[in-house]
Amino acid sequence: MKTHIVLLGLPGVGKGTQGQLLSSRMGIPFISSGDALRSELTRGTNIAKEFEKYMNAGLLVPDSIVEEFIADMLSKYNLEKGFIFDGFPRTVHQAGFINGYLTSRGTAIDAVLYLVAPDDEIIKRISGRRICPKCGAVYNIYFNPPKEDEKCDICGTKLIQRDDDREEVVKNRIKVYKDRTHPLVDYYGNLGLLYRIDALGSVDAVQNRIEAVLNG
Ligand code: AP5
């Protein structure tokens, strides 16, 4: 079974949703560069101010800054039994960096799951996303609404929209994905590591497709 996994796909396609579910089913760490960067912003550190100007504009944090951040983030995890990476690598340069980092820890990626859904579905998933600023739970007002109006089912906190989920920023994120991240489809395809997953349908249906690929 494949257990050293990278999730790839457009913003809002469902990488975080699938990755967290997979992590709890497989008992391996789910590691998200986006979550780690957002948590740095809430701490208000000096480096966070640098991250924020790129993130709020829908741009990638430059490789020269983010690669060191990612290495530091990964150093906190035991990667021996496997991992699920969400949000990185995001450029061909980052892919080379991550490969070198993993080699130095005696491990390697064995599957890149490329999640694919039509643009209109992506827009609906992003525009409907709401998050809990306290516990991080993710909802969707169209597909997975909270039980009580705009309040977190787990901790009762009022849900918010992510700063970078505003329409004008989303357009930029999609453009940046197509220019900078989509080349990874060919990159990992050429290495024989890429698996295309149809991300349309219920969360469980998509998870079943992923599990079939990982077991196959
Ligand atoms: P990041 O946090 O990585 O954002 P992203 O890639 O744009 O992905 P999202 O979190 O928006 O979407 P997702 O695919 O995880 O979807 P989700 O599961 O939430 O990055 C944010 C920013 O950080 C970047 O723009 C950049 O500035 C910076 N950054 C991060 N990493 C970086 C790096 N390596 N280098 C440089 N910069 C970096 O689902 C979306 C919604 O759909 C939810 O509401 C969910 O409930 C719903 N949903 C999910 N699945 C389904 C389904 N099957 N049916 C119906 N609804 C569904």
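In what follows, residues are counted from 1 in the order of the sequence shown. None of these values were measured; they are calculated from a predicted model. We use all heavy atoms of the structure for the numbers below, so side chains are in, but hydrogens, waters and symmetry mates are not. Counting starts at 1 for both ligands and their atoms, following the listed order.
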Quiz item: Is the closest side-chain heavy-atom distance between Leu22 and Leu214 below 4.5 Å?
Solution: yes
Self-check item: Residue Asn140 vicinity, atoms of ligand 1 by number, heavy atom under 4.0 Å
Solution: 41 (C), 42 (O), 43 (C), 44 (O), 46 (O), 47 (C)
Can you give the donor-acceptor pairs under 3.5 Å from side chains of residues 87-99 to other protein atoms, not counting sequence neighbours?
unit_1, atom_1, unit_2, atom_2, d
Arg90, NH1, Gly87, O, 2.9
Thr91, OG1, Asp63, OD1, 3.2
Thr91, OG1, Asp63, OD2, 3.2
Thr91, OG1, Gln94, N, 2.9
His93, ND1, Glu67, OE2, 2.7
Gln94, OE1, Arg90, N, 3.0
Gln94, NE2, Asp63, OD1, 2.9

Practice problem: Tell me which one of Thr17, Leu60, Val13 gets a heavy atom nearest to atom 18 (O) of ligand 1. | Solution: Thr17
Quiz item: Identify the closest protein heavy atom to atom 15 (O) of ligand 1: which residue and atom is it, and at what distance?
Solution: Gly16 N, 2.8 Å
Practice problem: Number the atoms of ligand 1 from 1 as they appear, then name those within less than 4.0 Å of a heavy atom of Gln94, with their elements. | Solution: 33 (C), 34 (N), 35 (N), 36 (C)
Self-check item: Nitrogen or oxygen atoms of Asp165 and ligand 1 under 3.5 Å apart
Solution: no
Exercise. Identify, for atom 8 (O) of ligand 1, the protein heavy atom at the shortest distance, and state residue, atom and that distance.
Key: Lys15 NZ, 3.3 Å
Practice problem: Do me a favour and list the nearest non-hydrogen protein atom to atom 38 (C) of ligand 1 with residue, atom name and distance? | Solution: Leu37 CD1, 3.8 Å
Ignoring hydrogens and angles, write down the donor-acceptor pairs under 3.5 Å from the side chains of residues 188-200, residues two or more places apart or on other chains.
unit_1, atom_1, unit_2, atom_2, d
Asn190, ND2, Asp186, O, 3.2
Asp198, OD1, Leu200, N, 3.0

Quiz prompt | Closest candidate by heavy atom, reference atom 20 (O) of ligand 1, pool Arg90, Gln20, Met55 | solution = Arg90
Quiz item: Is it the side chain (CB and beyond), the backbone, both or neither of Ser202 that lies under 4.0 Å from ligand 1, heavy atoms counted?
Solution: backbone
Practice problem: Report the part of Leu59 in contact with ligand 1, treating N, CA, C, O as backbone and CB onward as side chain, heavy atoms under 4.0 Å; options are side chain, backbone, both, neither. | Solution: backbone
Exercise. In plain terms, say whether Asp110 and Lys2 are close enough for a salt bridge, that is, a side-chain N and a carboxylate O under 4.0 Å apart.
Key: no
Quiz item: Taking heavy atoms and a distance under 4.0 Å, where does Arg38 meet ligand 1: side chain, backbone, both or neither?
Solution: side chain
